[in-house]
Amino acid sequence: MDELADRVAAVEQPQANLLQATGQSLWVRVYGTPGVHRLLPTPVALRVAALRGLAEWHLLRRRREQALSRVAALLRAPRESPRIRQISRAHVVDEAVRAELQWRPWLARTIEIEGLEHLERARAASRGVILATAHVGPFLALVHALAARGVKLYLSGGHNVGEPGLDGRLGRWVVAQNRWVEDAGCRWVRQPGSYPVLRELLRRGEAVWMGADAGGNAATRLAGHTVSVASGVTRLAVETGAPVVPAFTLRRGYRQVGILHPPLEPSTDPQILLDRLADVLGTVVLAHPEQAHDNLFRRIGAP
């Protein structure tokens, strides 16, 4: 018990400032400097990003073919159909715009949040709550928006000090996202061994943020596909009695909007809760397929 208490206490100590990106060229260092992004007004920067996405669609055949294959697989439709081409092009543009938005965390603090009352209801009686998200849209923006409204989140994940995978532009992005979450006042609960820590945090009434589409061994249906995802969200909910609030950030034009769905109360069977949660996630993904991430495409087996 003392060991668990020490691990829970250790979560409060920021670690992201110790992460160091490697293989940083001059271009990567310049692009990955937040001050550089502040030099260009946001409306201009986002439109430039959209133009870059369109250029990639028209000029980079490999990029275009990948988007067509992924969207066709997700929507179970022929890649030659006009609708799939339209969504695939929008997907390439979305990735470019989302990349620029993610280098501007200050924008996320003031975004609109729809359904905030659902979170307030879920936290009634000082209960812990799980906010379950998926890899669609600029999802971390909601973390910053909630933090700016006084909601401290404990996020399952984060990069460990000394762990590989921080090379190049992606490495710089990972370091930045990890640091900005901690700068907002939230904390990462890193693996391995995160489950008992998350359980203890929920029991003391904290708000926990988890990816519901992470890979694992629990089978369910997501957006019309049979997938295997981690069971941590639903097992924690059943074990602690914490409600699950599906949580997303979506782009509407050049705006970001946080969306919180009505809480799902845990049943006695984690599978029932998992299937209910997957229904919500799948509905959002199918309504906004152009905003799906690589992680989600891989989960359904898309190329």
Side-chain angles (χ1 to χ4, degrees), residues 1-19 119 122-135 139-140 142-147 149-166 174-218 228-247 260 263-271 273-274 277 281 295:
M1 190 64 177
D2 288 341
E3 180 184 353
L4 178 57
D6 290 343
R7 291 173 63 189
V8 173
V11 167
E12 302 297 343
Q13 303 302 315
Q15 294 186 36
N17 60 311
L18 302 176
L19 298 175
L119 178 59
R123 301 196 76 184
S126 300
R127 287 198 298 172
V129 61
I130 301 172
L131 287 86
T133 192
H135 287 87
F139 61 89
L140 280 179
L142 183 53
V143 172
H144 294 280
L146 288 169
R149 290 162 173 80
V151 180
K152 181 176 182 178
L153 295 172
Y154 292 85
L155 289 77
S156 175
H159 208 87
N160 288 299
V161 176
E163 184 181 353
L166 296 180
V174 170
V175 170
Q177 301 303 321
N178 274 251
R179 289 178 179 173
W180 290 337
V181 163
E182 292 186 346
D183 290 346
C186 300
R187 292 294 179 262
W188 294 101
V189 182
R190 295 173 172 83
Q191 296 180 348
S194 61
Y195 188 92
V197 177
L198 293 167
R199 181 179 58 205
E200 190 65 22
L201 289 167
L202 287 169
R203 283 175 173 167
R204 78 180 196 191
E206 304 291 356
V208 165
W209 176 277
M210 300 181 72
D213 59 347
N217 298 315
S228 295
V229 297
S231 60
V233 171
T234 52
R235 287 193 296 120
L236 281 168
V238 170
E239 193 170 344
T240 66
V244 178
V245 176
L260 298 170
L264 304 174
E265 292 293 339
S267 68
T268 56
D269 185 347
Q271 185 64 48
L273 180 58
L274 176 61
L277 177 58
L281 302 184
N295 312 57

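Shortest non-hydrogen contact noted between V229 and A212 is CB-O, 3.9 Å. In terms of heavy-atom proximity, A132 sits nearest to L281 at O-CD2, 4.5 Å. For the residue pair L260 and A247, the shortest heavy atom distance occurs at CD2-CB, 3.6 Å. Nearest heavy-atom pair across R123 and A207 is NH2-N, 3.9 Å. R127 and P243 get closest at one heavy-atom pair: NH2-CG, 3.7 Å. Nearest heavy atoms, A242 versus L202: CB-CD2, 4.1 Å.
Between atom CG of residue D269 and atom CG of residue L274 there is a gap of 9.5 Å, rounded to the nearest 0.5 Å. The CG atom of L198 lies 8.5 Å from the CD1 atom of I130; values are rounded to the nearest 0.5 Å. Between E182 atom CD and N17 atom CG the span is 7.0 Å, to the nearest 0.5 Å. Atom CG of L273 and atom CZ of R235 lie 12.5 Å apart (nearest 0.5 Å). Summarising the geometry, atom CG belonging to L264 is positioned 11.0 Å from atom OG1 belonging to T234; distances are rounded to the nearest 0.5 Å. Summarising the geometry, atom NE2 belonging to H144 is positioned 8.0 Å from atom CH2 belonging to W180; distances are rounded to the nearest 0.5 Å.
Qualifying side-chain contact (heavy atoms from CB on, under 4.5 Å) partners for E206, counting only residues two or more places apart in sequence or in other chains: Y154, L201, R204.
Proximity of P246 to L277: side-chain heavy atoms (C-beta onward) are separated by under 4.5 Å at one or more points.
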Self-check item: Trace of the side-chain contact (heavy atoms from CB on, under 4.5 Å) decision for V208 with V189
Solution: CA-CA 9 Å; V208 165; V189 182; over 6 Å; no
Self-check item: Verdict with reasoning, V181 to L153, per side-chain contact (heavy atoms from CB on, under 4.5 Å)
Solution: CA-CA 9 Å; V181 163; L153 295 172; over 6 Å; no
Practice problem: Take V197 and V11, measure what side-chain contact (heavy atoms from CB on, under 4.5 Å) needs, and give me the verdict at the end. | Solution: CA-CA 9 Å; V197 177; V11 167; 3.7 Å; yes
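Judged by distance alone, the side chain of R179 and the main-chain N or O of A16 form a donor-acceptor pair under 3.5 Å. At distances below 3.5 Å, at least one donor-acceptor pair connects side-chain atoms of N160 with backbone N or O atoms of Q191. Remark: the backbone N or O of A10 is not paired with any side-chain donor or acceptor of R187 at under 3.5 angstrom. When atom types are taken as modelled, the side chain of S228 and the backbone of N217 share no donor-acceptor pair closer than 3.5 angstrom. Counting only distance, with no hydrogens or angles, the side chain of R190 and the backbone of H159 share a donor-acceptor pair below 3.5 Å. The backbone N or O of G193 lies less than 3.5 Å from a partner atom in the side chain of R7, making a donor-acceptor pair.
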